[in-house]
Amino acid sequence: MKIHFKKILSYLLIFALFISLVPTNIFASESTAAKDAAVFFSDLHTSASDSKTSITKSIMGSVANSGNSISSVTSVGDVFSTNNTNNFGNLNTITSNIRTGLGDSDVPVFYAWSDHDRNTSIADYTGLLYGAGNDGIYGNEDDGNYYIYTISMSDTSTNDRYNTGVLGLNQSTLDSFTSDVAKLDKSKPLFIASHQPLLDRRNDNGNAYAWCQVINAAAETMDIFFLFGHNHKYDTATDYFYTKGDTMAVCHNSNGSATNVKLNFTHACAGYMAPSSTGSTSSTTRQGTVILAEIYDESVKLVTYDKNGIYTGSYAL
């Protein structure tokens, strides 16, 4: 018994020494509330006859019950289902459903442009969306706790499947990203909302490698999270999440050829809200979900939510 007791005492002393050497914020981070939070989702696929009111309100209500203070919501493309005809719904209705679900009538709601969202009031825009503070100027002391940058699908896609006539990435657009991000406070995270991912499953995002290069360079000095949608039916299990230090095959032409790149940033699916109405789903499609980004002083946590709360099914973050 003496030998057994001495072993227990030794283990306790070792554990006590370990506790004294570990920074206290490692243990405190989970018990401290997030100082801010943002919601990202993709592929709601509303139509003129179906605004997806029920699923939008229920999922956003679930996020509201998380107890976080939500400061923005961003659609990462395909909030509509416009195909070859102008079959789209009302953006004001969608925004209202999001705000009603969250219980916040003033929360900013942003929409990244994708080809299913053409001919609507969603702007074909690539640039900074959020984080400039009250004066509207990025990089000042009154900036928010994070930034959002949207990349229009017209600047990633190499397949103009609906003859929009707007596709074609210019070097000046990449240069603008670099110069815009250079002005930001590097201690705050940057979220990039892009409908198409940088990996390839559909042979339609041949500009991905060019974007990956400038994002990788920017991520050398700040934390960047690239959030995408679009692929729903085509995702494989490994596609949903890559983090800093991982190697990912990044598409570099319209034939789907790819180059392996070691990432300096996180590349993750924003969650597919309701693509099943289009018939474009498979057994690996994480449906009925959104991503909640919780911002802490020293970390960012990405959490998957569905209408029941934190999503724990396949491919959850």
Side-chain angles (χ1 to χ4, degrees), residues 34 36-42 72 74 76-77 110 112 126-131 138-139 143-153 155-156 169 173-201 205-231 235 238-252 258-271 290-304 315-317:
D36 209 340
V39 178
F40 298 88
F41 72 90
S42 191
S72 72
T74 302
V76 188
F110 304 107
T126 292
L128 288 160
L129 284 176
Y130 177 87
Y138 290 92
D143 283 6
N145 295 309
Y146 60 91
Y147 304 100
I148 300 175
Y149 191 101
T150 182
I151 301 177
S152 168
M153 186 175 171
D155 287 322
T156 59
L169 176 63
T173 303
L174 299 173
D175 294 341
S176 293
F177 170 85
T178 300
S179 60
D180 287 345
V181 173
K183 302 172 186 176
L184 304 182
D185 182 343
K186 303 304 186 295
S187 69
K188 299 173 182 179
L190 170 66
F191 297 94
I192 296 176
S194 169
H195 187 60
Q196 290 181 311
L198 300 179
L199 53 80
D200 176 67
R201 292 292 173 214
N205 60 331
N207 291 320
Y209 184 71
W211 277 108
C212 189
Q213 288 182 300
V214 295
I215 295 170
N216 236 11
E220 292 179 359
T221 56
M222 73 184 303
D223 293 319
I224 296 180
F225 300 82
F226 185 102
L227 298 168
F228 69 90
H230 185 57
N231 276 9
D235 281 319
T238 59
D239 292 349
Y240 283 97
F241 184 75
Y242 286 86
T243 193
K244 183 176 181 177
D246 288 346
T247 297
M248 187 175 77
V250 177
C251 184
H252 68 239
T259 300
N260 286 332
V261 177
K262 185 176 181 180
L263 301 180
N264 292 330
F265 58 93
T266 292
H267 185 274
C269 178
V290 303
I291 288 294
L292 177 66
E294 298 178 348
I295 293 93
Y296 298 84
D297 285 332
E298 298 295 336
S299 64
V300 173
K301 181 189 290 184
L302 302 180
V303 187
T304 311
Y315 324 119
L317 299 184

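Predicted, not measured: the structure shown is a model, and the values here were computed from it.
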Side-chain donor-acceptor pairs of residues 144-151 under 3.5 Å, sequence neighbours excluded:
from: Asn145; atom 1: ND2; to: Asp36; atom 2: OD2; distance (Å): 2.8
from: Tyr146; atom 1: OH; to: Ser71; atom 2: OG; distance (Å): 2.7
from: Tyr146; atom 1: OH; to: Ser72; atom 2: OG; distance (Å): 2.6
from: Tyr147; atom 1: OH; to: Asp143; atom 2: OD2; distance (Å): 2.7
from: Tyr147; atom 1: OH; to: Asp185; atom 2: N; distance (Å): 3.1
from: Thr150; atom 1: OG1; to: Ala193; atom 2: O; distance (Å): 3.3

Practice item. Identify the two heavy atoms, one from Asp180 and one from Leu184, that lie closest to each other, and give their separation to 0.1 Å. Key: O-CG, 3.6 Å
Study note, to complete from the structure: Here the pair of heavy atoms bringing Ala210 nearest to Leu169 is CB-CD2, 4.1 Å
Revision key, fill the gap. Tyr138 meets the ring-ring contact (aromatic ring centres under 6.0 Å, His included) criterion, sequence neighbours left out, with none
**Study point:** Tyr296 and Glu298: side chain donor to acceptor below 3.5 Å
**Key:** no
Exercise for review: Assess whether side chain to side chain contact (heavy atoms under 4.5 Å, CB included) is satisfied between Thr173 and Trp211, documenting all intermediate values.
Suggested key: CA-CA 10 Å; Thr173 303; Trp211 277 108; 3.9 Å; yes
Check your understanding: Of all residues at least two apart in sequence or in a different chain, which pass the side chain to side chain contact (heavy atoms under 4.5 Å, CB included) check with Cys212?
Key -> Leu198, Val250, Val261, Leu263, Phe265
**Study point:** With Asp239 via salt bridge (Lys or Arg N to Asp or Glu O under 4.0 Å) - residues at least two apart
**Key:** Arg201
Exercise for review: State which residues pass side-chain hydrogen bond (donor to acceptor under 3.5 Å, both in side chains) with Thr238; sequence neighbours excluded, sorted by chain then number.
Suggested key: Thr236
Review point. How long is the gap from CG on Leu302 to CD on Glu294, to the nearest 0.5 Å?
Key: 9.0 Å
**Study point:** Residues which pass side-chain hydrogen bond (donor to acceptor under 3.5 Å, both in side chains) with Thr178, listed by chain and number, not counting sequence neighbours
**Key:** none
Revision key, fill the gap. Here the pair of heavy atoms bringing Gly77 nearest to Ser42 is O-OG, 3.4 Å
**Study point:** Closest heavy-atom pair and its distance - Ile291, Gly271
**Key:** CG1-N, 4.4 Å
Practice item. Would you indicate whether the side-chain heavy atoms of Val214 and Val181 approach each other to under 4.5 Å? Key: no
Review point. Counting distance only, does the side-chain N/O of Asp223 pair as donor-acceptor with the main-chain N or O of Pro189 below 3.5 Å?
Key: no
Review point. Which residues satisfy the ring-ring contact (aromatic ring centres under 6.0 Å, His included) test with Phe40, sequence neighbours excluded?
Key: Phe191
Check your understanding: Hey, what do you get for CD1 (Ile215) to CD (Gln213), rounding to the nearest 0.5 Å?
Key -> 10.5 Å
**Study point:** Nearest-0.5 Å distance, CD of residue Gln196 to CG of residue Asn207
**Key:** 8.5 Å
Practice item. Using side-chain hydrogen bond (donor to acceptor under 3.5 Å, both in side chains) as the criterion, list what pairs up with Asp155, not counting sequence neighbours. Key: Thr126
**Study point:** side-chain hydrogen bond (donor to acceptor under 3.5 Å, both in side chains) against Thr74, all qualifying residues, sequence neighbours excluded
**Key:** none
N/O donor-acceptor pairs under 3.5 Å from side chains in residues 241-249, not counting sequence neighbours:
from: Thr243; atom 1: OG1; to: Thr266; atom 2: OG1; distance (Å): 3.3
from: Asp246; atom 1: OD2; to: Thr243; atom 2: N; distance (Å): 2.9

Review point. What residues, two or more places apart in sequence or in another chain, satisfy side chain to side chain contact (heavy atoms under 4.5 Å, CB included) together with Lys186?
Key: Thr221, Met222
Practice item. For Phe228, enumerate each residue passing the ring-ring contact (aromatic ring centres under 6.0 Å, His included) test, keeping only those at least two apart in sequence or located in another chain. Key: His267
